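Being a predicted model, the structure only gives us computed values, none of them experimental.
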Amino acid sequence: MNTQLTIGFLPLVDACLPILALEHGFAEDEGISLSLVKDLSWATVLDRLLYGHSDAAHMIAPLAIAATLGRGRPAQPLAAPFVLGLNGNAITLTPTLARRVRGDEKGLGDPVKVGAALREVALERAAAGKPLTFGVVHRYSSHNYMLRYWLASCGIRADKDVDISTVAPPFCAEALELGEVDGICVGEPWNSVAVEKGVGEIVLSTSQIWRRGVEKVLALREPVLEEKRDAVLRLIRALCRAAAHFVDPINWEHNAAILARPEYLDGSPELIRRAIADQILIARGGTMIHYPDFMFQYREAANFPWVSQAEWLYSQMVRWDGLAFDRADADKAARVFRPDIYRAALLGTNEPLPGASSKVEGSIVTPTVVGTQQGNMVLESNAFFDGKVFDPQRIEEYLAQLF
């Protein structure tokens, strides 16, 4: 008899791996019967997980850490043994604002130049008592941290020069259309929905801010992971098969059609296919551009839960919540990412396994061969746009240079 697992998700393209593991029979091959439950907000996805209505969740990575540390609610330790994808988000502004800050650029803007132009607008608006407002999908989201990181590096003080509010992904285009926000940072297909409606234009991809920024994870409560460890190992193997299937161009059309179904994203197969193929329409009526690695679902052990990624997220939580660095909390945050479970699931398969569980984030600028436990691996650039690096052994020093 198959093991039953329920997974909560939001209607985003990067919910693809659990969906495809179900639809293509990869989970069934591993003896798992998957049940997927769609929600409209990350708060609901988290509630469903914490109250035991789901076994696992497609979740924004910082939220798993926040729940573990008890940010905003009683702490419940979560585990993330698998990364569902890197990046895949964009910053979309109202057309008028986008054209002002992008200038003559026809494609995605340069983060430094766009940031400098946006700073002028932000200071003008703040002085007039009408600050720019950005919508992000959750306070504890990579969208929030990426946006704030970029703004701060460009001299724009979040919560002082600009306001940042929460908007659930399916409502981001409407928030732009109604003038509730001047910009959004959200995953696909919701940037493209705003573009198609003519209410937004894409100015940056978050992969321009951090080339290999961690995005969604498979999250479980620690007791569930221990209780259903064997099933989780089998699920990880199914998700890896789904990831390999997802990135193969021959499957893009079919997978886009699956994801577009009402029970999943309930959206346009064409918009979904664009995201899968790293194709971005900047503005309605404009030219489609190809931005490699806009979404990053499989190569270079993209699904490996690097502990250093969790530690970077913790550093941003400290920074933007106005907290003091706490070694015990840093250790708890690091333990949320579980490379040991990932390794246990894939040891002996054809999947390459890194030899280390942590790395200096932002330190790789050219293709680099790295040591492995099995297989071969070359890591490409994981740079931050401002050239800074994050050494997880020196979090306090890193934070000191940011304030």
Which distance, rounded to the nearest 0.5 Å, do you find between the [atom1] of [X] and the [atom2] of [Y]?
X: Leu49; Y: Met59; atom1: CG; atom2: CE; result: 5.0 Å
X: Glu396; Y: Asp326; atom1: CD; atom2: CG; result: 9.5 Å
X: Leu86; Y: Phe304; atom1: CG; atom2: CZ; result: 12.5 Å
X: Glu28; Y: Arg234; atom1: CD; atom2: CZ; result: 12.5 Å
X: Leu204; Y: Ile282; atom1: CG; atom2: CD1; result: 9.0 Å
X: Thr166; Y: His138; atom1: OG1; atom2: NE2; result: 6.5 Å

Would you say the side-chain atoms of [X] pair up with the backbone N or O of [Y], donor to acceptor, closer than 3.5 Å?
X: Lys38; Y: Pro262; value: yes
X: Asp55; Y: Leu220; value: no
X: Arg102; Y: Ile202; value: yes
X: Thr368; Y: Thr366; value: yes
X: Asn144; Y: Arg139; value: yes
X: Trp150; Y: Pro111; value: yes
X: Asn303; Y: Gln297; value: yes
X: Asp159; Y: Ile164; value: no
X: Asn382; Y: Gly362; value: yes
X: Ser357; Y: Val307; value: no

Looking only at non-hydrogen atoms, find the nearest pair between [X] and [Y] and report the distance.
X: Ala256; Y: Pro269; answer: CB-O, 3.6 Å
X: Arg125; Y: Lys130; answer: NE-O, 2.6 Å
X: Ser308; Y: Phe390; answer: O-CE2, 3.5 Å
X: Leu235; Y: Leu34; answer: CD1-CD2, 4.1 Å
X: Gly115; Y: Cys154; answer: CA-SG, 3.6 Å
X: Phe294; Y: Asn87; answer: O-CB, 3.7 Å

Answer yes or no: is there an ion pair linking [X] with [Y], defined by an N-O contact shorter than 4.0 Å?
X: Glu253; Y: Arg273; answer: yes
X: Arg241; Y: Glu30; answer: no
X: Lys359; Y: Glu361; answer: yes

Full working for side-chain contact (heavy atoms from CB on, under 4.5 Å) between Arg237 and Leu346: CA-CA 7 Å; Arg237 290 193 287 271; Leu346 297 170; 3.9 Å; yes
Decide yes or no for [X] and [Y]: does some side-chain heavy atom of the first lie under 4.5 Å from some side-chain heavy atom of the second?
X: Leu108; Y: Gln208; result: yes
X: Tyr314; Y: Val336; result: no
X: Pro354; Y: Val370; result: no
X: Val83; Y: Pro305; result: yes
X: Pro18; Y: Leu84; result: yes
X: Leu93; Y: Arg100; result: no
X: Asp386; Y: Tyr149; result: yes
X: Glu174; Y: Lys197; result: yes

Other residues, nucleotides and ligands only: do more than 12 of their heavy atoms fall within 6.0 Å of [atom1] on [X]?
X: Glu263; atom1: CD; result: yes
X: Ile250; atom1: CD1; result: no
X: Arg394; atom1: CZ; result: no

Angle between ring planes, [X] versus [Y], binned at 30° and 60°: parallel, tilted or perpendicular?
X: Tyr145; Y: Trp312; value: perpendicular
X: His24; Y: Phe26; value: tilted
X: His58; Y: Phe9; value: tilted

Worked verdict on Arg212 versus Glu380 for salt bridge (Lys or Arg N to Asp or Glu O under 4.0 Å): CA-CA 9 Å; Arg212 292 289 183 264; Glu380 297 179 8; 3.8 Å; yes
Please tell me whether [X] and [Y] have a donor and an acceptor in their side chains that are separated by less than 3.5 angstrom.
X: Asp293; Y: Ser207; value: no
X: Asp47; Y: His53; value: no
X: Gln316; Y: Arg148; value: no
X: Thr68; Y: Arg335; value: no
X: Tyr298; Y: Asp248; value: no
X: Tyr264; Y: Glu23; value: yes
X: Tyr140; Y: Trp42; value: no
X: Thr6; Y: Arg48; value: no

Check against salt bridge (Lys or Arg N to Asp or Glu O under 4.0 Å), Asp329 and Arg71: CA-CA 11 Å; Asp329 278 354; Arg71 299 287 183 259; 3.4 Å; yes
Worked verdict on Ile280 versus Arg274 for side-chain contact (heavy atoms from CB on, under 4.5 Å): CA-CA 7 Å; Ile280 304 172; Arg274 285 183 202 168; over 6 Å; no
Pair Ile209-Ile91, side-chain contact (heavy atoms from CB on, under 4.5 Å): steps then yes or no: CA-CA 11 Å; Ile209 299 169; Ile91 296 173; 4.0 Å; yes
Intermediate values then yes/no, side-chain contact (heavy atoms from CB on, under 4.5 Å), Val186 and Thr92: CA-CA 8 Å; Val186 67; Thr92 299; 5.7 Å; no
Chi angles and distances behind the salt bridge (Lys or Arg N to Asp or Glu O under 4.0 Å) call for Arg119, Asp161: CA-CA 9 Å; Arg119 183 174 184 273; Asp161 300 326; 5.9 Å; no
